[in-house]
A.B. asks: 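Here it is, the structure, as structure tokens.
Numbering of residues begins at 1 and proceeds along the displayed sequence.
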Amino acid sequence: MSTFGPQIEVAIARVRADVARLHGELTRYGLVVWTGGNVSGRVPGADLFVIKPSGVSYDELAPENMILCDLDGNVVPGTPGSDRAPSSDTAAHAYVYRHMPEIGGVVHTHSTYATAWASRGEEIPCVITAMADEFGGPIPVGPFAIIGDDSIGQGIVETLTGHRSRAVLMQNHGPFTIGANAKDAVKAAVMVEDVARTVHLARESGPLVPIPQDAIDRLYDRYQNVYGQQGDARLTTADGQSNDARRKKVDRR
Ligand SMILES: O=C(CO)[C@@H](O)[C@@H](O)COP(=O)(O)O
């Protein structure tokens, strides 16, 4: 029997499939080991999100064993997967969804280079154009917070609210990323590890050369509004305009 009505049930099924499949991207890009890391996706049109079960091998993850939660992080009883405990980071994901309504996906990993930067409590400076494109500037550090309550979620929201970056390095823990949907958040997780590695290696070889702010702004604007395809999911840009509206104004020369 449908608990949420036919349209929401269809949306839930779609998010279950996306979130289950996207965990495979974390292993494909080498961002997780064993059962570390997690992906969640908001269910459009409902105060619900889907997240993986805690400690379950990635090989076993499937749409039917993803876990449906309300925005307080409570498992919705009687739904597929509800017989298992949700990810240990469920409270953090739920906090982000409650306090950042524009966010449709959250990812957490312990990817090597980004976590190394997090262990130093040092933001990644914007010294390559790939960072300007994807993150619009440096990748910030969030506060040290121990898992078990809302403190990690609070740290993510306090650090990323009003910030261009879709990634935050939670001190001594690792990266959390956000996105317009789960796929966008996974992309940010892939890219934060890529730039963390590059900038780490660059800094080992000598002084870094910062990119002027006006160039960062131009690169970010182009990448957020011109790069890719019209239908690509994106967050509103830093000035609050929707990317679609901005895209129409951008001269696509
Ligand atoms: O970082 C942590 C725990 O501190 C978690 O992300 C990681 O162990 C994965 O846990 P889950 O399998 O999602 O419960």
Side-chain angles (χ1 to χ4, degrees), residues 4-29 31 38-52 61-63 66 68 71 93 96-97 99-109 129-137 139 160-168 175-195 216-253:
F4 300 104
Q7 282 187 325
I8 297 299
E9 290 291 354
V10 168
I12 292 169
R14 187 174 297 124
V15 175
R16 280 182 179 272
D18 286 348
V19 170
R21 174 179 50 77
L22 286 165
H23 278 88
E25 297 294 273
L26 303 190
T27 53
R28 182 156 81 107
Y29 285 97
L31 304 182
N38 35 69
V39 178
S40 72
R42 186 196 295 270
V43 176
D47 290 337
L48 299 166
F49 69 97
V50 172
I51 195 165
K52 77 162 198 176
L61 297 182
M66 294 293 107
L68 184 66
L71 296 193
H93 290 237
V96 171
Y97 289 128
H99 292 86
M100 302 182 87
E102 74 280 10
I103 297 306
V106 180
V107 172
H108 170 49
T109 78
T129 57
M131 283 189 68
D133 288 345
E134 191 68 42
F135 301 104
I139 295 170
L160 293 185
T161 296
H163 201 292
R164 281 176 172 173
S165 177
R166 299 191 334 281
V168 56
F176 280 79
T177 62
I178 58 175
N181 56 25
K183 181 180 177 183
D184 188 40
V186 167
K187 181 189 178 190
V190 172
M191 301 302 268
V192 68
E193 177 62 9
D194 182 55
V195 302
I216 292 174
D217 295 344
R218 294 203 324 266
L219 287 160
Y220 182 65
D221 187 70
R222 184 203 71 86
Y223 191 77
Q224 297 302 317
N225 294 289
V226 177
Y227 176 81
Q229 303 304 319
Q230 187 81 23
D232 292 346
R234 290 190 180 105
L235 294 174
T236 54
T237 47
D239 62 9
Q241 294 185 58
S242 75
N243 282 294
D244 286 345
R246 286 173 59 84
R247 178 188 292 274
K248 291 190 181 71
K249 296 177 191 166
V250 175
D251 178 353
R252 295 176 64 93
R253 280 196 207 107

A.B. asks: Do Lys52 and Val19 have side-chain heavy atoms sitting under 4.5 Å apart?
C.D. replies: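 Answer no - side chains too far apart.
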
A.B. asks: Phe176 vs His93 aromatic rings, parallel, tilted or perpendicular, using cut-offs 30° and 60°?
C.D. replies: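 Judged by the thresholds at 30° and 60°, the geometry between Phe176 and His93 is perpendicular.
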
A.B. asks: For Lys187, is there an ion pair with Glu134 - N to carboxylate O distance below 4.0 angstrom?
C.D. replies: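 Yes.
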
A.B. asks: Would you indicate whether the side-chain heavy atoms of Leu26 and Val39 approach each other to under 4.5 Å?
C.D. replies: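 Sidechains of Leu26 and Val39: in contact.
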
A.B. asks: State, with a plain yes or no, whether a side-chain heavy atom of Pro44 is found less than 4.5 Å away from one of Asn181.
C.D. replies: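 They are not in side-chain contact.
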
A.B. asks: Do the side chains of Arg164 and Asp217 get close enough for a salt bridge, i.e. N-O under 4.0 angstrom?
C.D. replies: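 Result for this pair is yes, salt bridge flagged.
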
A.B. asks: Could you tell me whether Arg21 atom CZ has more than 12 heavy atoms of other residues or ligands within 6.0 Å of it?
C.D. replies: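 Result for CZ/Arg21: enclosed.
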
A.B. asks: Return the minimal non-hydrogen interatomic distance between Ala130 and Val195, and the atom names on each side.
C.D. replies: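 Shortest heavy-atom separation between Ala130 and Val195 comes out as CB-CG1, 4.4 Å.
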
A.B. asks: Measure the CG-CG distance between Leu22 and Leu61 for me, rounded to the nearest 0.5 Å.
C.D. replies: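 The CG atom of Leu61 is 11.5 Å from CG of Leu22, to the nearest 0.5 Å.
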
A.B. asks: Work out which heavy atom in Pro63 is nearest to a heavy atom in Ala17; give both atom names and the distance.
C.D. replies: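 Where Pro63 meets Ala17 most closely, the heavy atoms are CG-CA, 3.9 Å.
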
A.B. asks: When rounded to the nearest 0.5 angstrom, what distance separates CE in Met191 from OG1 in Thr177?
C.D. replies: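 Spacing of CE (Met191) from OG1 (Thr177) equals 12.0 Å.
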
A.B. asks: Taking all heavy atoms of Leu31 and all of Thr109, pick out the closest pair and write down the distance.
C.D. replies: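 What the structure gives for the nearest pair is O-CB, 3.6 Å.
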
A.B. asks: Are any side-chain N or O atoms of Gln224 and backbone N or O atoms of Asp133, one a donor and one an acceptor, separated by less than 3.5 Å?
C.D. replies: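 Between the backbone of Asp133 and the side chain of Gln224 there is a qualifying donor-acceptor contact (under 3.5 Å).
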
A.B. asks: Show the numbers, then the answer: is there a side-chain contact (heavy atoms from CB on, under 4.5 Å) between Ile51 and Met66?
C.D. replies: CA-CA 6 Å; Ile51 195 165; Met66 294 293 107; over 6 Å; no

A.B. asks: Donor-acceptor check, side chain of Asp232 to backbone of Gln229, threshold 3.5 angstrom: yes or no?
C.D. replies: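 Confirmed, Asp232 side chain pairs with Gln229 backbone.
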
A.B. asks: For Tyr97, which of Leu71, Asp47, Val43, Leu48 qualifies under side-chain contact (heavy atoms from CB on, under 4.5 Å)?
C.D. replies: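 So, applying the side-chain contact (heavy atoms from CB on, under 4.5 Å) to Tyr97 and each of Leu71, Asp47, Val43, Leu48, only Leu71 qualifies.
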
A.B. asks: Examine the side chains of Thr129 and Tyr223 and answer whether a donor and an acceptor come within less than 3.5 Å of each other.
C.D. replies: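 Thr129 vs Tyr223: no donor-acceptor pair found between side chains.
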
A.B. asks: Would you name the heavy atoms of Gly45 and Ile8 that are closest together and state the gap between them?
C.D. replies: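 Gly45 and Ile8 have their closest heavy atoms at O-CD1, 3.5 Å.
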
A.B. asks: Is Arg166 salt-bridged to Asp184, going by a charged N under 4.0 Å from an acidic O?
C.D. replies: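 Result for this pair is yes, salt bridge flagged.
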
A.B. asks: As an exercise, state the distance from CD of Glu102 to CZ of Arg42, rounded to the nearest 0.5 Å.
C.D. replies: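 Spacing of CD (Glu102) from CZ (Arg42) equals 8.0 Å.
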
A.B. asks: Is there side-chain contact between Phe4 and Leu68, with heavy atoms separated by less than 4.5 Å?
C.D. replies: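 Yes. Closest side-chain heavy atoms under 4.5 Å.
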
A.B. asks: Under a 4.0 Å N-O cut-off, is there an ion pair linking Arg16 with Asp18?
C.D. replies: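 A salt bridge is absent here (no side-chain N lies under 4.0 Å from a carboxylate O).
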
A.B. asks: Between Asp194 and Tyr29, is any pair of side-chain heavy atoms under 4.5 Å apart?
C.D. replies: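 Heavy-atom side-chain distance check fails, nothing below 4.5 Å.
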
A.B. asks: Could you pull out the closest heavy-atom pair between Ala189 and Val107, with the gap in Å?
C.D. replies: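 Taking Ala189 first and Val107 second, the nearest heavy atoms are CB-CG1, 3.8 Å.
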
A.B. asks: Check Ile178 against Ala188 and note the closest heavy-atom contact, atom names and distance.
C.D. replies: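 Looks like O-CB, 4.2 Å.
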
